[in-house]
Amino acid sequence: MSAANESLYPSSIQNAPPDLTTPSPAYRRQVVIVLASLAAFLLFYLGLIVASGWAVFWGVTQAANTPETAGSRHSNGGAYWTAALIAGVLFLFLMKALFKWRREKDESRLEITEQDQPELFGFIRRICADTKAPFPYRIFVTPEVNAAVFYNRSLLSLILPVKKNLLIGLGLVNGLNLSEFKAVLAHEFGHFSQSSMRLGSYVYMANRVIYDLVYHRDALDDLLAKARRTNIRIAIFAYLITFVLWALRQVLQVAFKLINFFERALSRQMEFHADLVAVSVTGSDSLIHALKKLDFVNDCQMQSFSDLKAAAEHKLYTHDLFYHQTRAADHLRRSLAEPELGVLPALPADPSEKIQLFTKEADEDDSEGMWASHPSHYDREQNAKRRYLRSVEDERSPWLLFRNPERLRQTVTERFYKQQLELPTLTFAPPEQVQQFIDGEHAETTQDARYLGMYDGRLLSIPSESLTEIANDPVLPMLPETRIQTLLDRLYNAEYKTWLETYQKRREENAFLGALERGEVKIKGDTFPFRDQPHKKAEMKSLLALVASELEADAEWLKAFDREVFLVHLRMAQIVGAGDRVLFDRYYFHLQLQDRLKAARQEEARLAGVFQFLSSKEDGLEKKEFAQALASLQEAQRSVSLEFDRAKALPMPPLQNVQPGLPLSAYLLEEPLVAPLPPDVKSIDGKWAGALMQQVSQIEERCRRLYFKSMGAILGQQEAIAQRYRSQQADAPPNALQTGDGYNDDNANEEAV
């Protein structure tokens with residue numbers, strides 16, 4: 001690193017204990033266990049190949065040397081030929097996995113060179129010197145929030161030295177400061193310095209072989225499936241061979257799980273060691289600060305990806321996706337009502353005093369336990385701060401290390417559009433212009449914090465076919481002012497907070513009990529906690545029934561609540577003399593859109609079930625099974641086609657970034673809906689089924705986005721009505737009440753009366 005750029009390298013720790021990065025006994029023990037498991041698998045696998053090959057030779061030799069029976073042209077070697085045939089199939093089955101090497105290529109990676117980025121390469125050389133790690137063979141960047149060591153895995157990597165590459169996610173660069181970025185890279189170079197990294201290559205090869213043998217189905221399996229459906233003589237041999245392969249796959253599946261179990265235990269120890277390498281260079285705080293930020297930084301990146309996908313549907317393309325990642329932070333803080341989200345507390349003035357960022361309880365909820373490849377953040381923080389070394393904070397941006405960062409950001413953004421959104425040729429707009437579109441979308445879909453999530457994650461409980469009847473309720477003109485005022489006070493002053501908290505708690509309890517019943521959640525001991533009391537597993541069903549009945553009562557409450565909100569705001573609009581028709585039309589569109597969303601979700605679930613069923617039928621479909629699968633696919637296509645036709649008759653209301661009056665269907669699909677299959681079709685076309693699933697998923701996604709835009713527009717209009725009503729009530733005594741002219745579906749979507 002040139003002297004001119006020395007200032008870009010944050011100060012390193014000078015007083016780190018010499019033994020801080022010495023591999024722990026647990027680390028060394030796991031290395032031995034993984035080596036032993038790999039050696040055992042290798043001996044078992046090669047032994048099977050040798051044994052099956054010898055069995056082929058032995059069977060053929062014995063069959064050839066068996067004399068013919070007197071008076072017959074046939075020998076008595078049929079049993080030997082059968083044994084040789086079975087052994088031959090087993091030999092081919094075992095050998096095929098060694099030749100199934102697929103070339104790995106990630107088009108989202110962009111290689112950078114020292115000629116292009118001399119400052120970054122100089123920075124990396126300094127970290128390599130500090131961590132005593134070799135310099136990367138090649139360096140790549142991607143849009144993701146990530147940093148990693150990777151290497152080309154092939155049979156040669158089992159013999160030759162592994163050339164380790166460095167991957168830098170520019171989303172990470174965009175979200176961390178310079179000292180945190182240095183800590184993350186130092187952690188990765190901790191992996192570079194680990195000789196046990198070679199074990200990863202061995203484990204990868206073993207996994208590739210076992211995975212192909214256990215889970216992959218190819219021409220050999222298809223041939224056996226066809227043979228089982230032929231005449232009885234051939235079918236017997238086919239079933240016998242199938243059973244042998246099934247038994248072998250069960251054994252290999254156990255080996256697959258054991259090797260991965262041991263490898264993940266080693267991986268956790270490697271992470272601990274790499275963390276300590278980073279601590280020895282950057283101190284105990286910088287890496288943990290980076291870990292604390294990563295989830296939020298990644299959420300910002302995911303939000304920006306989603307926002308840019310929505311903008312792309314309106315032919316708006318940015319040339320800097322990282323600009324939008326930064327802007328997404330403010331949106332997430334507002335929408336989640338957490339203004340300090342992603343902001344870390346300041347370090348104490350006393351350099352020997354440390355702070356705790358992660359809790360054991362929070363990490364246990366997200367932990368995969370013994371199957372996790374990384375330790376929990378809590379455990380990593382304990383490990384990094386066991387011998388505490390105060391970090392030197394450098395709040396500058398890592399983008400300072402990149403030469404011409406604007407050009408690099410644009411290049412990576414172009415690859416993002418090409419690879420992830422499959423949009424090869426684009427005309428880019430300034431990021432400020434694209435962000436203006438995104439901000440408009442957010443403004444319409446983000447609900448005011450005072451609603452406390454009342455409308456988050458749920459559909460309105462008003463049936464679309466009942467809207468006109470509700471709006472024409474004879475009691476509407478007679479709603480007393482006290483009833484109106486009561487709703488206003490509760491809805492706009494967060495008086496439903498306690499009810500909402502209880503409702504959300506019940507939903508969480510229902511999800512927990514359901515996961516427990518399905519075996520997705522494991523409990524320690526014979527009891528589990530529920531509402532601050534221990535309960536036995538035998539009580540699970542009764543508790544589920546209790547929560548279900550409570551949620552059913554909650555659903556009835558929400559149904560009455562949604563009806564009350566609609567009626568009261570409709571009445572207020574009548575009283576102030578404007579807006580009642582517009583409000584009715586907005587509800588009419590919203591509930592029709594809601595019906596389309598429900599249907600799309602239902603058909604998406606149906607198709608997912610069909611695809612799961614088809615993938616489970618390794619031996620092909622029986623005639624009845626084929627008819628059922630085909631009928632489900634055809635019914636899904638008919639249902640989607642009917643809903644799409646209904647969307648053609650539903651004009652769009654005024655919404656942000658939407659042209660009013662166009663049919664809803666124009667915003668759901670750009671291309672025609674896939675045509676139904678012919679009634680006499682003899683096979684299921686995978687491309688047709690995949691295209692249908694893609695279109696249904698797209699309809700569901702766009703209906704969902706429009707749903708929240710529409711919900712935001714309704715809430716905005718209701719707030720305007722409530723504000724005007726309060727102003728009128730405060731300024732003058734109430735005049736004669738207005739009643740409106742009635743509502744019907746025929747004049748829906750007209751202008752205000």
Side-chain angles (χ1 to χ4, degrees), residues 10-11 143-147 168-187 275 278-279 282-307 320-363 365-366 376-382 384-385 388-401 405 431 435 438-439 442-443 446-450 452-453 456:
S11 300
E144 283 78 22
V145 179
N146 190 24
I168 301 174
L170 296 185
L172 185 82
V173 172
N174 199 51
L176 302 183
N177 64 33
L178 200 55
S179 55
E180 293 160 353
F181 180 65
K182 176 185 174 182
V184 170
L185 290 190
H187 169 91
D275 284 350
V279 169
T282 63
S284 301
D285 301 301
S286 294
L287 181 67
I288 303 306
H289 284 187
L291 286 177
K292 186 66 175 177
K293 282 185 178 180
L294 282 182
D295 285 343
F296 179 64
V297 172
N298 189 64
D299 288 344
C300 292
Q301 188 72 305
M302 293 300 102
Q303 180 66 52
S304 67
F305 287 173
S306 176
D307 293 338
D320 185 358
L321 69 86
F322 305 102
Y323 172 89
H324 306 285
Q325 179 192 16
T326 301
R327 293 291 298 271
D330 291 335
H331 166 67
L332 289 177
R333 288 173 181 137
R334 285 194 304 270
S335 61
L336 297 174
E338 296 184 38
E340 299 301 315
L341 192 62
V343 179
L344 300 180
L347 292 175
D350 183 354
S352 64
E353 184 181 350
K354 54 187 176 182
I355 58 175
Q356 185 74 31
L357 296 182
F358 296 102
T359 64
K360 188 174 184 179
E361 294 73 21
D363 274 359
D365 292 340
D366 299 328
S376 70
H377 288 347
Y378 173 81
D379 289 337
R380 292 179 70 174
E381 183 172 17
Q382 297 304 303
K385 295 180 179 178
Y388 182 66
L389 301 171
R390 170 61 64 88
S391 293
V392 178
E393 294 184 281
D394 190 327
E395 295 295 337
R396 291 176 295 172
S397 170
W399 283 117
L400 294 172
L401 299 169
Q435 187 63 40
I438 293 171
D439 289 342
H442 289 166
T446 303
Q447 299 167 14
D448 194 286
R450 65 170 168 266
L452 301 172
D456 288 349

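- For the pair A183 and S286, the tightest heavy-atom approach, listed with the atom from each and the gap, is CB-CB, 3.7 Å.
- You'll find the side chain of L321 reaches within 4.5 Å of the side chain of F305, heavy atoms only.
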Requested in this report: Could you give me the CA-CA distance, side-chain angles and deciding distance for N174 and V297, then say whether side chain to side chain contact (heavy atoms under 4.5 Å, CB included) is met?
Outcome: CA-CA 8 Å; N174 199 51; V297 172; over 6 Å; no
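- A 4.5 Å side-chain heavy-atom check between D275 and I288 finds every atom pair outside the cut-off.
- Smallest separation of non-hydrogen atoms from Q301 and F322: NE2-CE2, 3.8 Å.
- Side chain of S284 to main chain of K385: no donor-acceptor pair is present (N/O by atom type, distance under 3.5 Å, no hydrogens or angles).
- Heavy atoms only, all atoms of each residue included: I168 and L185 are closest at CG1-CD2, 4.3 Å.
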Query raised in the report: Should W399 and L170 be marked as a side chain to side chain contact (heavy atoms under 4.5 Å, CB included) after you check the CA-CA gap, both sets of side-chain angles, and the distance that decides it?
Result: CA-CA 9 Å; W399 283 117; L170 296 185; 4.0 Å; yes
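- Distance CG/D307 to CD/Q325: 11.5 Å, rounded to 0.5 Å.
- Here the CD-CG distance, from E144 to N298, works out to 9.0 Å after rounding to the nearest 0.5 Å.
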Requested in this report: Using the side chain to side chain contact (heavy atoms under 4.5 Å, CB included) rule, take H187 and T282 through it: C-alpha gap first, then chi angles, then the decisive distance, then the call.
Outcome: CA-CA 10 Å; H187 169 91; T282 63; over 6 Å; no
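- Not one N or O on the side chain of D394 forms a donor-acceptor pair closer than 3.5 Å with the backbone of P10.
- Note that the CZ atom of R380 and the CG atom of L287 stand 6.0 Å from one another [nearest 0.5 Å].
- Using a 4.5 Å heavy-atom cutoff, the side chains of N177 and H289 are not in contact.
- If you take NZ on K354 and CZ on R390, they are separated by 11.5 Å, rounding to the nearest 0.5 Å.
- Qualifying side-chain contact (heavy atoms from CB on, under 4.5 Å) partners for P345, counting only residues two or more places apart in sequence or in other chains: I355, L357.
- Taking every heavy atom of both residues into account, A278 and A186 meet most closely at CA-CB, 3.8 Å.
- Residues D299 and Q303 form no side-chain contact, since every pair of their non-hydrogen atoms from C-beta on lies 4.5 Å or further apart.
- G171 and V145 get closest at one heavy-atom pair: C-CG2, 3.8 Å.
- The CG atom of L341 lies 7.5 Å from the SG atom of C300; values are rounded to the nearest 0.5 Å.
- In this structure, the side chains of H324 and I438 come closer than 4.5 Å at one or more pairs of heavy atoms.
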**Report entry** Steps toward side chain to side chain contact (heavy atoms under 4.5 Å, CB included) verdict (L401, F181)
**Finding:** CA-CA 11 Å; L401 299 169; F181 180 65; 3.7 Å; yes
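- Under 3.5 Å, the side chains of Y388 and D285 contain a donor-acceptor pair of N or O atoms.
- Side-chain contact between E180 and L344: present, with at least one pair of heavy atoms (C-beta onward) separated by less than 4.5 Å.
- Using a 4.5 Å cut-off on side-chain heavy atoms (C-beta onward), Q382 and F358 make no contact.
- Between H331 and H442, the angle of the ring planes stays under 30°, which puts this pair in the parallel group of the 30/60° scheme.
- Minimum interatomic distance between L176 and P398 (heavy atoms only, all atoms of both residues): O-CD, 3.0 Å.
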